[in-house]
Q: 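For reference, the structure I am asking about is given below.
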Amino acid sequence: MGEQERYEEVIRNSFPFDLLSEDQFKMMIEKSERKSFQENEYVFHEEDEEVEVFFLLKGLAKNVLHRENGKEFSVRFYYPGDLIGLMILLAGGQMNFSVQALENCETVKFRKSVFLKIMTENESFSEVVLTGIGERMKSLYDEIKIERNETDAENIGLFRTRVHTIMERARLINEHRSLKESARLITEWNTAGLVVVNQQEELKGVITQQHIIRGLLQGDGDKPVRDWMEKEPHTIQEYAFSYDVLTFFKDDYIDLVPVMKGERVVGILMAESFLQLQDSKYLNLSYRLQHAKKVAEIIALAPKNSEDFLLFTEALLNERTHPTEVCEFISNYNDQIHRKVIKFALNDMRNEGYGKPPVNYCFIVMGSQGRKEQAFSTDQDNGLILGNYQHLANKREVEEFFHRFAAKVNQGLADCGFPECTGGIMARERKWCRELNEWKEEVGKWIKQADAQEVRDFTIFIDYRPIYGDFTLAEKLRDEITKPVQQGKLLHAMLMKDTIRFRVPINPLGRISVKGKKKTIDLKKSALMQIVNGVRIFAIRYGIKEVSTFARLDMLEKLEVFHPRDVKNAKLAMDYLHFFRIQANITQLREEEFLSNMIAPLSLEKEERKQLKESLFIAKRLQQMSELSFAKNRGI
């Protein structure tokens, strides 16, 4: 029996092809062809104009869904005997996912037109196919819903807007007025409800359209509103944060929340009130960014160039948002810019005839952006993790594609105000654009034989975070390297040696040591990085995968490596230091000065100098903790 006869027999005996007549099966096979795909090749891509149906004879494949935020994720695998492409076939090409070989795959490709024709002729075959698609669609919907919820939960407390800034005028009615009168006033004022008060205008309750309708239906139009009002309404104080009241509106019966200044009603909030947040400077910037058509439009929206962005950042600080959260907000906004620039670069590659990415890939950011701890003075630290491609016949084309693509991204980011990394840590450089297996090998080299420069590269790399593409590549790499890095004692020694290069500027008398004519200190090198580096070393030692310094501190506390007091102090110090750094950056931008991390302690108010000194002491303590702990573990 020949190879074709063997695979024809496999398909013929597979469900639901055993439901076909001999003529129908013959028609399908005659118009089919064998197709082989190597590991990481796409069986089809979302951008393909025509998608056929494939029967998987051998190997393993996965589908890849593409989200608007740049993240790709998979919700199912395909095994031998599975049909690939049915959902797209019947959805008329309106579904945005690709299918990729996870290992070398052998398939039989059926003609779409023939497949559909046989479905119209054979009711049993068609019913089985459609039932299977329905089950897949439900599973797909559930997975997308879970993924969306997880993604949405990543938003920081951005709208720490005070209630008084979005509240509306309170419309009052005396508790003795009739239900008919309340209906007339609601109609006249076009409002969702009224605040019910007594003669002294003290809050007694609220009455809404729903209350009034129910009362009028029962013939109680002449009765006082106090008989139908909500007597114990939820209230909120005017200087509370707006998100504190959002949970109230999850209850179907709550349409209106009085805003109080002490015991006095000063306004109301309705669900519609939060639509006013659309007027926020940040939402306007974000909207314009998402709808930008070219890099030139993004330049004016970049943090360094936008006065609205500076004003919003200042507002967050003034509203007592934790400065570390403000850094996270800045980093998230920068992520949006990166994703937009990446999309432009992909579009340019298509327009220039290079087509779609030949293998799956993940664009990663590193350093402070990876940790979501950026201020305004930051440069590019980014790279690419590619699906393994060295075994492919077109590996040179793969490398050429991603070199050109990455160069476009790096240039676009530079145009948008992210200077190129002076150390060359950028995706366009071969060292920072590798396939997954190469990255594992490179980390292995860092562990065993890193020199001083390579250790500095490692400290930037290990804080990587995926922002676009196939996030599973970044997750796989993290899973593979965490244990070896945890066990790399030589690397730990080099990391400690690198950390103590910069000493915290506190002299033996407990005073801040300043430098130069301007009597400044470098907040980043001399203080912030001492905390970041110290926490990172402990996180590496204990196999912690989290990237942000706060998340690492939380895990170290959970593992009882750090005392809760030390964790609290480290977080407080980072908040102080980030506050001074962001404020200094904003001043530098307003005065059109060169962005730096330098600050003159003597220029601060007395209380601020005290906070700075406390932060430096905490940084110094953490540096000493790291040094002594390492020495102890080494038996010194």
Side-chain angles (χ1 to χ4, degrees), residues 40 64 66-67 69-73 151 154 328 330-343 345-346 357 359-374 378-389 398-399 401-403 405-414 416 418 420-421 423-444 446 454 456-482 485 532 536 539-540 544-549 551-552:
N40 283 341
V64 181
H66 308 270
R67 291 182 62 88
N69 65 2
K71 181 175 181 179
E72 299 174 357
F73 66 100
T151 304
E154 294 172 358
E328 186 176 351
I330 294 172
S331 302
N332 285 339
Y333 187 78
N334 287 340
D335 286 354
Q336 289 189 55
I337 293 177
H338 278 59
R339 292 187 189 107
K340 199 69 180 178
V341 170
I342 290 168
K343 289 178 182 178
L346 288 170
V359 297
N360 56 328
Y361 67 97
C362 184
F363 194 94
I364 58 174
V365 291
M366 299 174 276
S368 60
Q369 188 173 357
R371 296 189 307 274
K372 292 194 174 184
E373 294 168 9
Q374 285 186 302
T378 183
D379 58 6
Q380 292 187 50
D381 289 317
N382 50 56
L384 280 166
I385 305 172
L386 309 181
N388 293 323
Y389 66 89
V398 172
E399 291 172 351
F401 179 95
F402 284 105
H403 175 74
F405 163 64
K408 289 178 180 292
V409 175
N410 289 143
Q411 183 58 56
L413 292 173
C416 292
F418 300 92
E420 294 186 354
C421 176
I425 303 177
M426 291 180 292
R428 73 179 181 216
E429 302 296 330
R430 181 67 180 87
K431 181 176 181 179
W432 300 100
C433 177
R434 302 172 183 268
E435 68 171 14
L436 182 61
N437 285 341
E438 279 188 299
W439 274 116
K440 295 174 188 175
E441 292 173 6
E442 181 66 14
V443 173
W446 276 329
E454 287 176 325
R456 284 163 209 158
D457 290 347
F458 173 82
T459 60
I460 294 173
F461 162 77
I462 200 63
D463 293 344
Y464 77 80
R465 177 172 57 85
I467 65 165
Y468 197 96
D470 186 353
F471 282 35
T472 59
L473 288 171
E475 292 160 4
K476 285 180 182 177
L477 181 58
R478 182 74 67 186
D479 289 340
E480 292 280 347
I481 68 175
T482 296
V485 168
V532 171
R536 184 194 296 114
I540 286 172
I544 293 170
K545 295 180 181 180
E546 275 76 4
V547 172
S548 83
T549 305
R552 286 168 170 169

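Because the structure is predicted, anything quoted here is derived from the model rather than measured.
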Q: Please step through side chain to side chain contact (heavy atoms under 4.5 Å, CB included) for the pair Q369 and R465, ending with a clear verdict.
A: CA-CA 8 Å; Q369 188 173 357; R465 177 172 57 85; 4.0 Å; yes

Q: Parallel, tilted or perpendicular for F458 and F461, by the 30°/60° rule?
A: tilted

Q: Mind checking the CG-CG spacing from N437 to L477? Nearest 0.5 Å is all I need.
A: 10.0 Å

Q: When you measure from the centre of the six-membered ring of F363, is the NZ or CZ of R339 closer than 6.0 Å and no more than 45° off the axis?
A: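 Judged by the rule, R339 and F363 form no cation-pi pair.
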
Q: Measuring from L473:CG to N40:CG, what's the distance to the nearest 0.5 Å?
A: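 Between atom CG of L473 and atom CG of N40 there are 7.5 Å.
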
Q: Between K343 and Y468, does the side chain to side chain contact (heavy atoms under 4.5 Å, CB included) criterion hold? Intermediate values first, please.
A: CA-CA 9 Å; K343 289 178 182 178; Y468 197 96; 3.6 Å; yes

Q: Would you call E420 and Q411 a side-chain contact if the rule is heavy atoms closer than 4.5 Å?
A: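 They are in side-chain contact.
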
Q: Do you know the tightest heavy-atom contact between E435 and G387?
A: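 That would be CB-O, 3.9 Å.
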
Q: Applying side chain to side chain contact (heavy atoms under 4.5 Å, CB included) to W439 and I481, what does each step give before you reach the verdict?
A: CA-CA 9 Å; W439 274 116; I481 68 175; over 6 Å; no

Q: Decide yes or no on salt bridge (Lys or Arg N to Asp or Glu O under 4.0 Å) for E454 and K431, but give the supporting numbers first.
A: CA-CA 11 Å; E454 287 176 325; K431 181 176 181 179; 5.2 Å; no

Q: Could you grab the distance from atom CZ of R434 to atom CG of L386, nearest 0.5 Å is fine?
A: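 The CG atom of L386 is 11.0 Å from CZ of R434, to the nearest 0.5 Å.
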
Q: Ignoring hydrogens, what is the shortest heavy-atom contact between T378 and S368? Give both atom names and the distance.
A: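 Minimum heavy-atom separation between T378 and S368: OG1-OG, 3.9 Å.
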
Q: Side chain to side chain contact (heavy atoms under 4.5 Å, CB included) between I425 and D379: does it pass, once the steps are laid out?
A: CA-CA 10 Å; I425 303 177; D379 58 6; over 6 Å; no

Q: Output yes when a side-chain donor or acceptor of E373 lies under 3.5 Å from a complementary backbone atom of T549, and no otherwise.
A: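 At least one qualifying donor-acceptor pair exists.
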
Q: Just so I know, are the side chains of V359 and F402 near enough to count as touching, which here means a heavy-atom distance under 4.5 Å?
A: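 In short, these two side chains touch, coming nearer than 4.5 Å.
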
Q: Quick check: do D457 and W446 have side-chain heavy atoms less than 4.5 Å from each other?
A: yes

Q: What closest approach, in Å, do M426 and N410 show between heavy atoms, and which atom pair accounts for it?
A: CB-OD1, 3.6 Å

Q: State, to 0.1 Å, how close W432 and N382 come at their nearest heavy-atom pair, and which atoms those are.
A: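 Scanning both residues, the minimum pair turns out to be CB-O, 4.0 Å.
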
Q: When D463 is tested against each of R536, K545, K372 for salt bridge (charged side-chain N to carboxylate O under 4.0 Å, His left out), which residue passes?
A: R536

Q: Is the shortest distance from a Lys or Arg side-chain nitrogen in K476 or D470 to a carboxylate oxygen in the other one below 4.0 Å?
A: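 Result for this pair is no, no salt bridge flagged.
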
Q: Rounded to the nearest 0.5 Å, what separates atom SG in C416 from atom NZ in K340?
A: 11.5 Å

Q: If every non-hydrogen atom of S548 is compared with every non-hydrogen atom of R371, which pair is closest and at what distance?
A: CB-O, 3.5 Å

Q: So, taking the atom named CD in E475 and the one named CD1 in I385, what distance separates them when rounded to the nearest 0.5 Å?
A: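 Between atom CD of E475 and atom CD1 of I385 there are 10.0 Å.
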
Q: Which residues pass the ring-ring contact (aromatic ring centres under 6.0 Å, His included) test with F418, sequence neighbours left out?
A: H338

Q: Distance check, rounded to the nearest 0.5 Å: L384 atom CG versus I342 atom CD1?
A: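 Answer rounded to 0.5 Å: 8.0 Å.
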
Q: Applying the side chain to side chain contact (heavy atoms under 4.5 Å, CB included) criterion to M366, which one of I462, T459, I460, V547 satisfies it?
A: I460

Q: Where do A474 and Y464 come nearest, in terms of heavy atoms and distance?
A: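 Looking at all heavy atoms of both residues, the closest pair is O-OH, 2.7 Å.
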
Q: Hey, does N360 have a side-chain heavy atom less than 4.5 Å from the side chain of V64?
A: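 No, too far: nothing below the 4.5 Å cut-off.
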
